[in-house]
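Please read all numbers here as calculations on a predicted model, not as lab measurements. Just so you know, these numbers use all the heavy atoms, side chains as well, and skip hydrogens, waters and symmetry mates. Residue indices begin at 1 and follow the sequence shown.
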Amino acid sequence: MSKRAVVVVDLQNEYFPSGKLPLAGIEDAVANAARVIAAARSNGDPVIHVRHEFTAPDTPFFVPGTEGTQIHPAVAPLEGEPVVLKNHPNSFLQTDLKQMLDAKGIEEVVVIGAMSHMCIDATSRAASDFGYKTIVVHDACATRDLEFGGQVVPAAQVHAAQMAALGFAYAAITATDEYLAR
């Protein structure tokens, strides 16, 4: 039994150009995520999908029951692959993700998905804090431009800064090709 699981975080329709919160480079990230998922399935590594919905009735995006909350078809779960519904950036917070991983004897968690600066960050840090060896496949993740103090920070810089921060103490950061060559 594999000791590694791939956790696919929030690769939902909302993040695509037709959604309410499109991300820079989402198509490339999903294409790489699909490759990571295919390799996991081929190797017998569990794939766990995470899907975000907000519970507040006035939320501007990730509204329950909408097309935006659905997992993108390119990375859709196969029958039998679990889908964790979350309401917070951290995929472990108030979900059964940790129990799923522990029940399978997982020691290494590979994190892919969106958004790099939010849910990928929170999920990766939590996985590390729980003692899992954590790997983030950086080009299978995407984010968007942010603004701080009247200055726009381009998505590529947001992503690079986030990966640098995670790589400092929380996760091994790798590219899809490098990950698949292991």
Heavy-atom pair of closest approach, residues [X] and [Y]:
| X | Y | value |
| --- | --- | --- |
| Val47 | Pro82 | O-CD, 3.6 Å |
| Ala114 | Ile120 | N-CD1, 3.6 Å |
| Gly105 | Lys3 | O-CD, 3.1 Å |
| His49 | Ala76 | CE1-C, 4.1 Å |
| Gly44 | Ser2 | O-CB, 3.8 Å |
| Gly167 | Ile173 | CA-CG1, 3.6 Å |

Please say yes or no: joined through hydrophobic side-chain contacts below 4.5 Å, possibly via intermediate residues, are [X] and [Y] part of one cluster?
| X | Y | answer |
| --- | --- | --- |
| Val50 | Leu93 | no |
| Leu23 | Leu11 | yes |
| Phe16 | Met115 | yes |
| Tyr15 | Val111 | no |
| Ile106 | Val8 | no |

Side-chain donor/acceptor pairs under 3.5 Å, residues 148-166, sequence neighbours excluded:
residue	atom	partner	partner atom	Å
His159	ND1	Ser116	OG	2.7
His159	NE2	His138	O	3.1
Gln162	NE2	Asp121	OD1	2.7

Pairing residues for [X] by the ring-ring contact (aromatic ring centres under 6.0 Å, His included) criterion, not counting sequence neighbours:
| X | answer |
| --- | --- |
| His52 | Phe54, Phe62 |
| His117 | none |
| Tyr170 | none |

For [X], check salt bridge (charged side-chain N to carboxylate O under 4.0 Å, His left out) against everything at least two apart and list the hits.
| X | result |
| --- | --- |
| Asp45 | Arg4 |
| Lys98 | Asp102 |
| Asp177 | Arg35 |
| Glu81 | Arg41 |

To the closest 0.5 Å, what do you measure between [atom1] ([X]) and [atom2] ([Y])?
| X | Y | atom1 | atom2 | value |
| --- | --- | --- | --- | --- |
| Ile112 | Thr176 | CD1 | OG1 | 8.0 Å |
| Cys141 | Ile26 | SG | CD1 | 9.0 Å |
| Leu97 | Thr123 | CG | OG1 | 7.5 Å |
| Thr174 | Tyr179 | OG1 | OH | 9.0 Å |

If you look only at pairs with a residue in residues 139-165, which of them pass as a salt bridge (charged side-chain N to carboxylate O under 4.0 Å, His left out), with sequence neighbours excluded?
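Passing the test, one end in residues 139-165: no pairs.
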Quiz item: What pairs of residues pass the salt bridge (charged side-chain N to carboxylate O under 4.0 Å, His left out) test when at least one of them lies in residues 10-22, not counting sequence neighbours?
Solution: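 Non-adjacent pairs meeting salt bridge (charged side-chain N to carboxylate O under 4.0 Å, His left out): Asp10-Lys86.
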request  = Walk me through it: do Val84 and Asp96 pass the test side chain to side chain contact (heavy atoms under 4.5 Å, CB included)?
outcome  = CA-CA 7 Å; Val84 174; Asp96 58 355; 4.1 Å; yes
Quiz item: Is there a donor-acceptor pair closer than 3.5 Å between any side-chain N or O of Ser128 and the backbone N or O of Ala126?
Solution: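 Checked: no pair found.
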*Looking only at atom types and distance, does a side-chain atom of Gln12 sit under 3.5 Å from a main-chain N or O of Thr69, one as donor and one as acceptor?*
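At least one qualifying donor-acceptor pair exists.
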Item checked: From CA spacing to verdict: side chain to side chain contact (heavy atoms under 4.5 Å, CB included), Val109, Leu101 -> CA-CA 9 Å; Val109 174; Leu101 295 170; 4.0 Å; yes
Q | Pair Lys133-Glu107, side chain to side chain contact (heavy atoms under 4.5 Å, CB included): steps then yes or no | A | CA-CA 6 Å; Lys133 177 181 178 190; Glu107 296 173 2; over 6 Å; no
Next on the checklist: Show me the pairs that pass side-chain hydrogen bond (donor to acceptor under 3.5 Å, both in side chains) and involve residues 59-68, at least two apart or across chains.
Outcome noted: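 Every pair satisfying side-chain hydrogen bond (donor to acceptor under 3.5 Å, both in side chains) with a residue in residues 59-68: Asn13-Glu67.
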- prompt: Can you find a pair of side-chain heavy atoms, one from Ile48 and one from Val6, that are under 4.5 Å apart?
  reply: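 SC-SC contact between Ile48 and Val6 ruled out.
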*asked:* Taking ring-ring contact (aromatic ring centres under 6.0 Å, His included) as the cut-off, I'd like each qualifying pair that reaches into residues 82-104, sequence neighbours left out, listed once.
replied: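 For residues 82-104: Phe92-Phe130.
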